[in-house]
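Numbered from 1 within each chain, the chains take letters A, B, ... in sequence-line order.
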Amino acid sequence: MSDAPQPAPDPGLSEQFITLLNGAHGRLLGFLLVMLGNRADAEDVLQRASLTLWRKFGDFTPGSDFFAWASSFAFYEAKNFQRMALRSPLHFDDELLQRFAEERPADLHHREQRLAALERCIEEVEPQGRDLVREFYLKNVDLAVLAERLGRAPQTLYNKLNTLRRLLADCVNRKTAPEA
Amino acid sequence: MNPDLNFDSAELHRLFMAKADGHITAEDHERLSQMLKTSAEARRQWYAFQDVESALFSWSQQELQRVEEEPALTATVATAPTRLVRARLTWLLPLAALLAILVMVVNVMRQPAHLTTPKVVTAPLTDEDENEATTTSVALLTRGVNLEWVDAQSSPALNAPLSPGWLKLKAGIAELEFYQGARLVVEGPAEIKLVSAGEAYCVSGRFSAHVPPQARGFRLGTPNGDVVDLGTDFGLDLNSATPEVHVFKGEVELHQPEAQVRMLTTGEAAGFEKSTPARALPASDEAFAFSRDLDARMSESQRQSLVRWEEQGRQWNLDPRLKLRLDFQDPQGSRSLKNSAALGQEVAPGTIVGCIWTQGRWPEKKALQFRSVSDRVRLGLPGAHRQITMATWVQLHGLNVRQSSLCMSQGINEGHMHWQILHDGSLCLGVGSGTSPNVRSDDYITPVIFTPERFGQWVHLAVVYDLAGGEVTFYLNGGILSKHPVQTPTELAPTIMELGNWTPSPDKRQQPVRNFAGCMDEFSLYTAALRPDEIRALAE
C-alpha cells in the first residue's frame, strides 16, 4: 500500500544516489571497458565500485561532477580487480590504466555520437549479418554452439562476425570523424 | 612520418576483438599494450571500439525486444512480457543487485543519527576488498513479525538474501524486497516460490505489493493466472474462498489462461478464479491491513525479543561456569563494559578503547561498533583452563584486513588464544603451543561462512575448546559448523585479551592491523565446554 513504511531511514539519500549513479552508468561502464576490455569484467567492477560509492556518498558534494568523483573509485576498483583476477592473467599494466584514466573521460564526450552513429551504420548490414550480431552480443553465445546450429564452421562464423564488427567500427569512425 | 600510422589498422582491430572476447594470446596482448602505449591514435580507436561494442550490445537488446513483439516469432505468450521487461532492464541489473546491498547497508545504518555517521566501513581504500559480486539471490527478507516457517530448519534470517525457491510460511508477516525493487508483504499461511528478481509464484497467502517504477513488470504468478504490475500498489488474496486482486494505485494486468488480458486500475478489484473469467469488484484494502501495521507489530515483536533476552540473560548470569558476560547494556557513553557474570569477580570490566556506541539487535539493545584500527575492548582472564567456551553476537560490515579479531590474547605465547575471522570469511581459533621462543600457533579453521551476503546480518558465533574431549568445535547461529581434533594439548591461558583487535606485543612499534569491522552486542566466556543444546539456547 502507498502508506506502507519505507525500508530506508533516509529514502531521499538513496534515491539521490541511485539517480546519480543511474545517470552516470553508461559513462562509468565506458570508462571501465577500455581498462578491462570486456563487458562482464567491467560490469563486475562497476558493481563493486558502486558499493564503495554508496559507502562514501556522504563525502560527495551535491551539485559537483558525480562522474568525476565516481570514476576515481571505479579506477581504483579496476586496478584492484586486476590484481586479484587470477582467471585472466593478461591485463593492461598500471601505466596504461593511468593513461586511460587521464584520457578517457574527455573521450567519453564522443560516446553518444558513436552510439547514435552505430544505429545508422547497422541499418546497412544485411539481415543475416544482423542476426549473427544479435545472437553474439545478447547471449555471449558460444560461437561453436551457434555454428553448429547454423551448420557452419565456427571459424567461418567468427570471421564473418569480426568482419562485420570491423566494418561497423569503420562506419562509426567515418560518421563521427571531425570533418564528416 | 606520423608514428601513429605505424601499424596496420586491420591488425589492431583483430587484437581489439581478441582482447574483448577473452582469447588473446600473451604475445598478442603484449603487442596490443605496446601499440596502445605508444600511439594516441590506437588509443582513440580502442575507445571508439569499446563504444561501438556497447552500442552493439544495446542494439541487440532492442532488437530482441522488437523481434519478440512480433507475434509470429513469440515463443510463448505467457512468458513474453517478462522477457521483454528483462531485456529492457538488463542494464539495470547491476543496479538491482546494488539495491540489495543498499538495503543491507541501510539496515546497518538504521541507528540513532547522533551515534553514527553514514560510513559503514572505514578501512582504508588501499586494502584489498574481497567482495565477490556474484550472487544467486533474488530477494531479501527485510522484516518479519511472528514468523513461523513450515520447515523451521531452513528458515531464513532477517536481512538474509533469498535464492530462487519455495518459502513456506505457516504464520506471521514477512516483507520481501525483490532485487528489481518490488516490495511484497506476505501474510501466512502462504506458499510462495521466488522465481527471479522480478517474479514470484504463489499458491496461497495474502500479498500486498508495492512496485516502484524501476520494478514495473513485477509478476506474481498463481495457479489461476498471473498478475503483472505496471507500477505501484496492489493486493492479492489467495486465502479467501474466492481469490481476489485489488488495485490501490496504478495499474495491473491480469493474465489468465484462455482469457483476454485484463487491465485493472486504481480503485478496481476483480475475482480471480481458475475457470471463470475475472469478476469486477470495488477495491477494498480491508483484507490487506496486515501490511499497514507491520511497523507497529515489528517494534512490538522486537520489544518482546528484548524482554525475553533480558530474562534469559538473568538466568545465564547465574551459571557457575560463566566467567565473563558482557551484555553491552551499559549506560550511554560508558567507557567500560560491566561483567554481568554472577561468579565472575576475578574478571575485571572490559575497557573500551575507541569504538562508538550504536544500536544492537533490537532498537533498545546497545552495541559497540568497531571501525578504526585502534578500536578495541581490553579484557583480562586469569588462570589456565582445560576448557573454554566463547560466544558472541556480531554483525560484520566487511573483511578488509587479513585477519579480523573477535577475541585475541595479546602477543603469542603458550596457551594464548586467537579467535578471529580470516580474510576469506572463515573462522579461526589459533592456540599458542610450545615454549618460548619457539611458540607456534595451532590453527583450527572452519569453512568460509562470511560471504558478502552475510555482511550486515547479526550472527551468533561460538567456539568450544575442550581438552577433556580432545576437540575444538565451532558453532554458527547455534548449529555446529565444524569440529577439529586438538592438535597439541595445551591449556588455555588467555591472560590479556582484546575484543575486535590484537596487540602482538605492547612494546612493538609496528603493529599489524587486525581490527574487526562491525558491531558486537554480546560476549560470553565460560571456563567449561558447553554442550550443543546449551549453545543453541544462547543463539536463540
Colleague: Taking every non-hydrogen pair under 4.5 Å, which of A:R166, A:R99, A:E95, A:R111 racks up the most with chain B?
Modeller: A:R166
Colleague: For each of B:H23, B:R14, B:E30, tally heavy-atom pairs with chain A at distances under 4.5 Å, and name the one with the top tally.
Modeller: B:H23
Colleague: With a 4.5 angstrom heavy-atom cut-off, could you sort out which part of A:V172 is near chain B: side chain, backbone, both or neither?
Modeller: side chain
Colleague: Any idea which of B:S58, B:A26, B:G22, B:A55 has the most non-hydrogen atom pairs under 4.5 angstrom with chain A?
Modeller: B:A55
Colleague: Nearest heavy-atom pair of B:P212 and B:A182: which atoms, and what distance?
Modeller: CD-CA, 4.0 Å
Colleague: Need one label for A:L33: side chain, backbone, both or neither, based on atoms under 4.5 Å from any heavy atom in chain B.
Modeller: both
Colleague: I would like to know whether A:H25 and A:L28 meet side-chain contact (heavy atoms from CB on, under 4.5 Å); could you show each step before the answer?
Modeller: CA-CA 5 Å; A:H25 181 268; A:L28 284 171; 5.9 Å; no
Colleague: Based on non-hydrogen pairs under 4.5 Å, which of B:V52, B:D51, B:L32 is most in contact with chain A?
Modeller: B:D51
Colleague: Between B:F49, B:W59, B:Y47, which residue shows the highest count of heavy-atom pairs closer than 4.5 Å to chain A?
Modeller: B:Y47
Colleague: A:E103, A:R130, A:H110: which one forms the most heavy-atom pairs within less than 4.5 Å of chain B?
Modeller: A:E103
Colleague: Are A:K56 and A:E77 close enough for a salt bridge, meaning some N to O gap below 4.0 Å?
Modeller: no
Colleague: Do you know the tightest heavy-atom contact between B:L399 and B:D424?
Modeller: CD1-C, 4.4 Å
Colleague: Give me the ring orientation class for A:F66 and A:F57: parallel if the planes are under 30° apart, tilted from 30 to 60°, perpendicular past 60°.
Modeller: perpendicular
Colleague: At a heavy-atom distance under 4.5 Å, which candidate from A:D93, A:N38, A:L115, A:D107 has the highest pair count against chain B?
Modeller: A:D107
Colleague: Any salt bridge between A:R39 and B:E53, counting N to O under 4.0 Å?
Modeller: no
Colleague: Does B:E27, at its CD atom, have more than 12 non-hydrogen atoms belonging to other residues, nucleotides or ligands within less than 6.0 Å?
Modeller: no
Colleague: What part of A:L36 lies closer than 4.5 angstrom to a heavy atom of chain B: side chain, backbone, both or neither?
Modeller: backbone
